[in-house]
J.: 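Please read through the structure below; I'll follow up with questions.
Lettering of chains follows the sequences in order, A, B, ..., and the numbering in each one begins at 1. Keep in mind that the numbers below use all heavy atoms, side chains included, and drop hydrogens, waters and symmetry copies.
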There are 2 protein chains.
Amino acid sequence: MRGRSFWYNYKIIVLSLNLAYIRIVSESIPTIKEIAKRLNVSVSTVSRALSDHPRISAKTKEAVKELAKALNYEPNSKAIFFKQKKSYVIGVIVPHIYEDFFSKGISGIEDTALENGYTILFGQSHDRIEKERQVVDAMKNQRVDGLIISLSKETNKSDHLKTLDAYNIPVVYFDRVPSLANVNKVYCNLFEGTVDMIEWLFKQDRKRIAFINGPNAIIASKERLDGYIEGISRRKLKVDMQMVEQTDFSEEGTHKAVARLLGLKKPPDAIISFNDYVHMDAVKYALKEHVKINEDILFASYANISVNKHTAYPPVVSIDQFPYSQGEAAMKMLMDILQNKSDEDTATKAFQHKEIPVALVYNS
Amino acid sequence: MRGRSFWYNYKIIVLSLNLAYIRIVSESIPTIKEIAKRLNVSVSTVSRALSDHPRISAKTKEAVKELAKALNYEPNSKAIFFKQKKSYVIGVIVPHIYEDFFSKGISGIEDTALENGYTILFGQSHDRIEKERQVVDAMKNQRVDGLIISLSKETNKSDHLKTLDAYNIPVVYFDRVPSLANVNKVYCNLFEGTVDMIEWLFKQDRKRIAFINGPNAIIASKERLDGYIEGISRRKLKVDMQMVEQTDFSEEGTHKAVARLLGLKKPPDAIISFNDYVHMDAVKYALKEHVKINEDILFASYANISVNKHTAYPPVVSIDQFPYSQGEAAMKMLMDILQNKSDEDTATKAFQHKEIPVALVYNS
DNA sequence: GGTTACAGGGCAATCGTTTGCACCGGGTTT
DNA sequence: AAACCCGGTGCAAACGATTGCCCTGTAACC
């Protein structure tokens with residue numbers, strides 16, 4: 001016999017009248033129904049009482065709330081979500097969490113989500129489009145209310161995210177965003193930052209600035225490259241594409257890139273890496289070649305990860321992209337979209353873009 | 001007018017009879033109901049057809065499946081979860097994801113979860129019990145099927161997790177586990193590893209081995225300390241508690257600990273830190289005091305984080321706790337519990353403990 | 001006194017899916 | 001011929017909560 005049965009409770013109450021005993025603890029998960037039974041009111045009354053509906057008297061409200069508390073009642077979100085077609089869950093997909101950048105971004109997202117009563121469903125694409133697809137599907141099946149995603153390095157078109165439209169799940173792209181205009185996105189403008197970085201390197205009297213870029217599919221690669229070209233051009237110098245390399249982020253890919261750069265007749269006197277992880281691999285290889293790090297060649301980079309403070313050869317300058325703020329901004333944007341979703345029809349839907357400023361950080 | 005209306009579709013069909021046109025695309029999310037309408041069968045038939053119920057004829061099954069595919073039908077998990085009281089979502093709570101250890105652990109958990117058709121709901125406690133409580137609550141409200149948690153450093157009793165029992169949500173503790181026997185847990189035995197590490201340090205001719213431990217609340221602190229004491233004792237030496245310090249993981253806390261150790265009349269010639277992050281802070285302070293790292297004092301640690309390979313002063317030895325494997329093991333344990341949940345009553349419930357072996361890793 | 005007004009609360013439909021049971025027609029068994 | 005069986009399908013309840021609408025009793029009004 002389960003504790004939830006009214007008659008069981010009733011018997012107990014009757015049997016122990018003079019003890020004024022009420023069976024409070026229940027073996028099963030408390031529901032609105034049970035509260036209603038025990039209080040001898042209807043479920044609608046309980047529901048309304050709990051949500052402070054004006055039609056319910058203060059007395060009833062109090063009684064309901066009291067019992068709800070005593071029973072440790074918590075609304076079954078699944079039922080509510082089901083009914084309201086809302087889940088208060090946001091999907092978040094990033095390439096990797098082990099990267100300082102993304103873990104900080106997620107923290108920003110998560111903190112903001114929690115403030116707004118949302119929880120996050122989490123997945124990694126491991127930088128592979130196949131995995132990304134799989135995770136997106138899982139999120140769709142879970143009917144997340146919205147999705148924040150940082151695309152994998154393999155993702156150049158986002159068809160698999162189109163299916164989310166049919167399910168009316170808004171998407172906010174984060175950092176690794178598509179170049180399309182008809183999407184919501186939060187990102188850094190690395191163009192300006194890159195130009196500034198190059199300016200600074202010129203001031204350090206560096207003339208041959210090399211650049212190890214990421215895969216073409218990533219828009220951030222293009223931004224960096226554009227900034228690089230602009231930066232060099234501003235000094236009225238000709239851009240030498242020999243000085244531009246690429247890595248697929250693997251250690252080997254980066255090593256090859258560095259090897260070619262060091263092998264040039266006129267090797268670089270500065271190397272900008274796609275990010276601090278690429279930088280570490282680049283330094284590792286350069287050391288093997290007996291390069292004096294940050295003397296023979298100045299190393300610069302992007303991301304400004306925390307561990308730079310502890311590494312043997314941090315970049316002399318790294319562009320901080322403020323991932324936590326980006327995460328916050330992405331979540332806020334999503335909240336905003338979610339709130340105004342019903343207002344506007346999809347036809348008139350306006351897409352939001354938000355650019356987060358970057359900052360040069362120097363390690364002396 | 002919405003595409004889901006039967007009459008709307010009907011009209012279209014009638015109007016375009018000779019085109020044999022069937023309106024396939026639907027503006028709204030397809031449901032079983034809609035399939036049923038279009039095929040003129042009952043919802044139960046559709047439901048059974050989709051799940052290959054033996055009582056449904058092959059013909060019907062085929063028709064249903066075909067239309068389902070054409071409509072891009074995907075079952076509404078929320079409804080199913082609601083009905084079946086299963087969500088195929090696992091909650092995962094860790095102190096921080098920025099720590100290499102936890103991010104790898106999560107990867108192990110996530111990969112295993114995905115293989116088993118589960119998705120993970122994710123939260124960080126930021127090492128604060130208040131936040132932990134909040135996140136646990138959110139997970140409970142989401143009715144996760146199970147929870148994997150690595151306790152915050154402030155958590156010495158897990159009362160807030162007791163409420164999960166009432167909701168029949170099994171919990172597997174991960175790495176930062178309580179010392180109780182009546183819980184499911186996956187952890188490393190750091191005792192043996194610590195003893196080995198001390199042995200090794202003795203072989204390097206170190207006699208005064210100091211130890212910067214973590215907060216007492218964490219069982220891992222006790223294990224480390226026990227190992228330390230055992231290791232020292234095996235050499236028939238007296239354990240000098242002056243050589244044992246503590247940190248709350250803050251940079252300042254670690255600095256204070258190092259300061260006191262260096263200030264001893266007989267300062268240590270080796271320092272073991274609670275983990276590689278504490279190690280980095282310890283080194284930072286020691287450098288200020290002009291200690292020659294890994295010469296005057298050998299530094300040892302736990303975790304073997306990836307970035308050790310790139311840091312200026314990695315520990316000479318670090319104990320790898322194989323977080324990915326731990327994550328995998330935790331998820332597998334949870335899967336196992338979930339599958340056998342109905343079999344056994346809570347009374348006879350047996351708790352699972354799994355110990356993951358560690359390994360010493362040397363940085364030369 | 002009769003009507004209105006309103007406070008307070010109950011009924012029942014609803015969300016999408018599953019599932020025990022009823023039903024129905026035709027063939028098989030005693 | 002009555003009783004059974006069985007493949008194939010439909011009916012309806014159930015999961016937990018929300019909500020539009022209806023009902024009842026009492027007080028205030030003309």
Side-chain angles (χ1 to χ4, degrees), chain A residues 2 4 6 26 28-65 67-68 71-88 140-143 145 166-168, chain B residues 2 4 6 26 28-65 67-68 71-88 140-143 145 166-168:
Chain A
R2 313 293 302 234
R4 63 188 313 195
F6 173 65
S26 157
S28 61
I29 301 172
T31 68
I32 261 194
K33 233 187 229 171
E34 187 168 347
I35 298 182
K37 268 189 211 157
R38 295 191 187 211
L39 253 36
N40 238 318
V41 296
S42 73
V43 290
S44 37
T45 302
V46 175
S47 172
R48 290 187 171 106
L50 288 173
S51 55
D52 264 330
H53 190 104
R55 302 283 284 257
I56 304 298
S57 69
K59 207 181 293 178
T60 309
K61 276 184 193 170
E62 200 181 341
V64 168
K65 286 182 181 172
L67 183 55
L71 287 177
N72 228 323
Y73 166 79
E74 307 238 11
N76 181 338
S77 321
K78 274 191 221 150
I80 298 176
F81 305 164
F82 169 50
K83 174 89 169 116
Q84 308 201 324
K85 295 162 169 290
K86 287 207 70 186
S87 65
Y88 289 97
K140 183 179 64 191
N141 283 4
Q142 295 290 341
R143 300 290 196 274
D145 285 347
Y167 286 82
N168 210 4
Chain B
R2 314 294 301 237
R4 63 186 315 194
F6 173 66
S26 157
S28 62
I29 301 172
T31 67
I32 264 192
K33 235 186 225 171
E34 187 167 345
I35 298 181
K37 269 189 211 156
R38 295 192 186 209
L39 254 36
N40 239 318
V41 295
S42 71
V43 289
S44 37
T45 302
V46 175
S47 171
R48 289 187 171 108
L50 288 173
S51 55
D52 264 329
H53 190 104
R55 302 283 280 245
I56 303 297
S57 69
K59 208 181 292 178
T60 309
K61 276 184 194 170
E62 200 181 340
V64 168
K65 286 182 182 173
L67 183 56
L71 288 177
N72 226 326
Y73 167 78
E74 305 237 12
N76 182 337
S77 322
K78 275 191 220 147
I80 297 176
F81 304 164
F82 168 49
K83 176 87 168 122
Q84 308 202 323
K85 295 161 169 288
K86 284 209 72 184
S87 65
Y88 290 97
K140 184 178 61 191
N141 283 5
Q142 295 290 342
R143 300 290 195 273
D145 285 347
Y167 285 82
N168 210 4

J.: Between V64(B) and L39(B), is there a side-chain heavy-atom distance shorter than 4.5 Å?
T.: yes

J.: If the cut-off is 4.0 Å, is T31(A) near the phosphate of dG16(D), judged by side-chain N/O to OP1 or OP2?
T.: no

J.: Starting from P on dC15(C), measure out to CD on Q84(B) and report it in whole angstrom.
T.: 20 Å

J.: For dG8(D), does either OP1 or OP2 sit under 4.0 Å from a side-chain N or O belonging to K59(B)?
T.: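 Result: no.
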
J.: Check whether any side-chain heavy atom of Y73(B) sits under 4.5 Å from a side-chain heavy atom of L50(B), and report yes or no.
T.: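 They are in side-chain contact.
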
J.: Checking K86(A) against Y88(A): charged group under 6.0 Å from the ring centre and within 45 degrees of the axis?
T.: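 Yes, a cation-pi geometry holds between K86(A) and Y88(A).
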
J.: Measure the CZ-CG distance between F81(A) and N141(B) for me, rounded to the nearest 0.5 Å.
T.: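 Output value for this atom pair is 7.5 Å.
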
J.: In terms of the nearest nucleotide of DNA chain D, which residue is placed more toward the 5' end: R143(B) or H53(B)?
T.: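 Whichever sits nearer the 5' end wins; that is H53(B).
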
J.: To the nearest 0.5 Å, how far apart are CD1 in I32(A) and CZ in R48(A)?
T.: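 Between atom CD1 of I32(A) and atom CZ of R48(A) there are 10.5 Å.
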
J.: According to a cutoff of under 5.5 Å between the ring centres and under 30° between the ring planes, does F82(A) stack with the base of dC15(C)?
T.: yes

J.: Quick one: does K61(A)'s side chain have a donor or acceptor within less than 3.5 Å of a partner on H53(A)'s backbone?
T.: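 Such a contact is found between K61(A) side chain and H53(A) backbone.
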
J.: So, OP1 or OP2 of dC15(C): does either fall under 4.0 Å of a side-chain N or O from K83(B)?
T.: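 So the side-chain polar atoms of K83(B) never come under 4.0 Å of the phosphate oxygens OP1 or OP2 of dC15(C).
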
J.: Can you tell me how far C1' of dG16(D) sits from CD1 of I29(A), to the nearest Å?
T.: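 Checked: the CD1 to C1' distance equals 11 Å.
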
J.: Does a nitrogen or oxygen in the side chain of K78(A) sit under 4.0 Å from OP1 or OP2 of dA17(D)?
T.: no

J.: Under 4.0 angstrom, heavy atoms only, what part of the nucleic acid is F81(B) near: base, sugar-phosphate, or nothing?
T.: nothing

J.: From CD1 of I32(A) over to P of dT19(D), roughly how many Å is that when rounded to an integer?
T.: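 Spelled out: CD1 on I32(A) to P on dT19(D) is 11 Å.
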
J.: What is the separation between atom CG on N141(A) and atom C1' on dT17(C), rounded to the nearest whole Å?
T.: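 Going from N141(A) (CG) to dT17(C) (C1'), I get 14 Å.
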
J.: In whole angstrom, what separates E74(A)'s CD from dG16(D)'s P?
T.: 15 Å

J.: Any side-chain heavy atom of I29(B) sitting closer than 4.5 Å to one from K85(A)?
T.: no

J.: Reading nucleotides 6-12 of chain C from the 5' end, what letters show protein touch, with B for base, S for backbone sugar-phosphate only, - for no heavy atom under 4.0 Å?
T.: --BBBBB

J.: Give the rounded distance in Å between these two atoms: NZ of K86(B) and P of dT17(C).
T.: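 Spelled out: NZ on K86(B) to P on dT17(C) is 18 Å.
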
J.: dA17(D) C1' sits how many Å from D52(A) CG, rounded?
T.: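 For the pair D52(A) CG and dA17(D) C1', the rounded distance is 17 Å.
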
J.: Could you tell me the separation between the NZ atom of K33(B) and the P atom of dG10(D), rounded to a whole number of Å?
T.: 16 Å

